[in-house]
Amino acid sequence: MKNSSIARIFQDMADLLELKGENIFKIRAYRRAAQVIEHLPQEMEVMREQGEDFQRIPGIGEAIAKKATELITTGKLEAYETLKAEFPDGILELMEIPGIGPKTAYRLATELMITSVEKLEQAITEGKVAELFRMGDRTAQNLLRQIQSMRRKDQRVPIGEVLPVVEDILEMLRRHPKVKNMTSAGSLRRFRETVGDIDIMGTADDPESVINAFVTFPQVKEVIAKGPTKASVILLPGFQADLRMVEHDSFGSLLQYFTGSKQHNIILRTKAQKKGLKLSDYGITDTTTEVLEKFSTEEGFYHRLGLQYIPPEIREDQGEIELAEAHAIPDIINPEDVMSDLHVHSNWSDGADSIEDMALWAKNLGYRYIAITDHSRGRGIARGLTEERLMRQIQEIHRLNQNLKGIRILSGIEVDIRADGSLDMPDRILAGLDIVIAAVHSSFNQSQEKMTRRIISAIENPHVDVIGHPTCRLIGEREPTEVDMETIFNAAVNHRKALEINAMPDRLDLKDIHVYRARELGAMFAIGTDAHNRGQLTLMRFGVGIARRGWCEKKHVLNCMSFEEIMTFTRR
DNA sequence: GCCGTTTTCGGCCCGACTGTTTTCAGTCG
């Protein structure tokens, strides 16, 4: 059983225990465990095979370790089944609706026999919900709206869809004459691959005028709530955004608070408490004097706690607070460190623009070199290069390199890894290229054993430098392939091959926790946009965001090497 | 249920909002 499923079950158990009125701290223990497991950089199945002790994971003790083991070995959990049987069906589904917690869900299920969202909708319409004690018409109507908005939103939105919209809005807000600060917070600022609600925070001399301007922006489809310091709207693409205007002198602590993650903040508070400090979104209170200290910057806030500043992308309770105490936060990669794009297509295969155009645009982005990596001919890939066309392309790149100033082009290929693990281009051809990305583009449904073996074969080929989009997932469209990631990472480390962080926003493959784990094992990474036209070269920042979430430093990323260094790396 | 330079018991993060009722429970971030 995968970590995500294990986490889901512990999350459900927390909800069920809450319904039962269990000890709140027991419930929190389950929630924490669920969250920790979901963000583990390694599958628990694999950890078990390697004989690792789950109890060494913070937040997992004897009881939960045992339950996790039961889930992994039997696929079921006795305690969970028993617990589920105590409650009406559908009650967990009701708790998914914002505004319905355990108490309300239990009352709806037992007093009105509601067992699904549909039945709840019906009961509200018939006025039955409003008649319940301590409920009212207003509450009922709000629930109805939440149900409708839940259907509309469906789920979290990929960061690739959210970020451009939010950046437009931020720019418009910053142009407002009264605005001093304006930034996004929440999971968007932490650069998670999907984003729930969007939080925007700012300060201004006349906050209300900023709120008034915000709700009339053309991107706003519907205004849900609007007050003097806060507004909630639905944007045209369908997702919700909250703008919160705060005081200048507490902007830092509020931004910190609303950036999260929740778990990061909880750990911060627990630690602060031991030092006699109380944290809240308004600042830090000394519990002996009850004096509240405010912070206009996040840096000031962290420093007051004796901590080094922690970049938003790594505020996920993965040990960053302990490192910040020791002033040992790694110097993670920045967008300006990137000197190249290592996965670029041209109109020689399925790209839209010429090699020269791609190179010139890359130069404008400040890059020193790019790798042209068109597809090989492999089945199903549009206009893949034959041996003969690849040879001509190499000559064309040679010619361009003699004429172009300020940018170098690496001749490369994205060679298909066939279903049997062989490559779609002979070794003698691959040997003549500057860089070779090998990637899977077919037979995605192979067994884990077969797929793992298939990728290992590619890693073992001496001419391959990078494994492209290792899991082949498309966010919201195609599930990742079944691969034993740990084995792949170890093989890549042993053969000194890089793993790709594909920056295409619907791929982000490897994903954050994979990068974190592979880096721990000693892997190198190549960030590539997989650009199929000039404009897509700017998608690099999505790859950098994932690298940052995986705690990558410059030294872990091929793109940060000089031209000479990368040629040495690929020619080894 | 987890955790420990407060170690095997006794703690465990904090505040605001909403809708209801008249002092607060429930939910959320």
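Every chain is numbered from 1 and lettered A, B, ... according to where its sequence line falls, protein lines coming before strand lines.
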In whole Å, measure the gap between the [atom1] atoms of [N] and [M] for me.
N: dG11(B); M: dT18(B); atom1: P; result: 35 Å
N: dC28(B); M: dT20(B); atom1: P; result: 16 Å
N: dC2(B); M: dT7(B); atom1: C1'; result: 13 Å

Find the distance [X]:[atom1] to [N]:[atom2] and express it as a whole number of Å.
X: Ile266(A); N: dC2(B); atom1: CD1; atom2: P; value: 16 Å
X: Gln263(A); N: dC13(B); atom1: CD; atom2: C1'; value: 10 Å
X: Glu131(A); N: dT20(B); atom1: CD; atom2: P; value: 14 Å
X: Leu292(A); N: dG15(B); atom1: CG; atom2: P; value: 10 Å
X: Met135(A); N: dT21(B); atom1: CE; atom2: C1'; value: 15 Å
X: Gln35(A); N: dG29(B); atom1: CD; atom2: P; value: 14 Å
X: Leu132(A); N: dA25(B); atom1: CG; atom2: C1'; value: 15 Å
X: Phe10(A); N: dC2(B); atom1: CZ; atom2: P; value: 9 Å

Looking at the side chain of [X], which of [options] is the nearest nucleotide?
X: Thr104(A); options: dT27(B), dG19(B), dC14(B); answer: dT27(B)
X: Arg269(A); options: dC13(B), dG15(B), dG1(B); answer: dC13(B)
X: Pro98(A); options: dC2(B), dC28(B), dG29(B); answer: dC28(B)
X: Ala29(A); options: dG1(B), dG15(B), dC24(B); answer: dG1(B)
X: Asn142(A); options: dG15(B), dG29(B), dG19(B); answer: dG19(B)
X: Lys67(A); options: dT21(B), dC14(B), dG1(B); answer: dG1(B)

Task: Nucleic acid footprint by protein, nucleotides 6-12 of chain B - heavy-atom cut-off 4.0 Å, B for base, S for sugar-phosphate alone - done: ------B

Are [X] and [Y] within salt-bridge range, i.e. N to O under 4.0 Å?
X: Lys76(A); Y: Glu70(A); answer: no
X: Arg32(A); Y: Asp317(A); answer: yes
X: Lys20(A); Y: Glu22(A); answer: no
X: Asp512(A); Y: Arg549(A); answer: yes

Reckon [X] touches a base, only the sugar-phosphate, or nothing at all at heavy-atom distances under 4.0 Å?
X: Asp137(A); value: sugar-phosphate
X: Ile97(A); value: sugar-phosphate
X: Ile27(A); value: nothing
X: Ile100(A); value: sugar-phosphate
X: Arg134(A); value: base

TODO: Indicate whether OP1 or OP2 belonging to dG15(B) is found under 4.0 Å from a side-chain N or O atom of Lys278(A).
DONE: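 Checking Lys278(A) against dG15(B): at least one side-chain N or O falls below 4.0 Å of OP1 or OP2.
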
Could you tell me whether [X] atom [atom1] has more than 12 heavy atoms of other residues or ligands within 6.0 Å of it?
X: Tyr106(A); atom1: OH; answer: no
X: Glu111(A); atom1: CD; answer: yes
X: Glu118(A); atom1: CD; answer: yes

TODO: Have a look at Ile114(A) and tell me which of Gln122(A), Lys128(A), Lys119(A), Glu93(A) forms a side chain to side chain contact (heavy atoms under 4.5 Å, CB included) with it.
DONE: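 Among Gln122(A), Lys128(A), Lys119(A), Glu93(A), the one that satisfies the side chain to side chain contact (heavy atoms under 4.5 Å, CB included) with Ile114(A) is Lys119(A).
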
Open item on the list: Please compare Arg244(A) and Gly59(A) by the position of their nearest nucleotide in DNA chain B and report the one closer to 5'.
Closed with: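 Its nearest nucleotide being more 5', the pick is Gly59(A).
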
- [ ] Would you mind telling me which residue lines up with the more 5' stretch of DNA chain B, Leu279(A) or Lys262(A), judged by nearest nucleotide?
- [x]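 Comparing both residues, the 5'-ward one is Leu279(A).
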
Task: Under 3.5 Å side-chain donor-acceptor pair for Gln256(A) and Asn265(A) - done: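 Distance-only check passes for Gln256(A) and Asn265(A).
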
Task: Any donor-acceptor N/O pair under 3.5 Å between dG15(B) base and Tyr282(A) side chain - done: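 There is none.
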
Task: Nucleotide forming a Watson-Crick or wobble pair with dT8(B), both distances under 3.5 Å - done: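 Because no pair has both required distances under 3.5 Å, dT8(B) counts as unpaired.
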
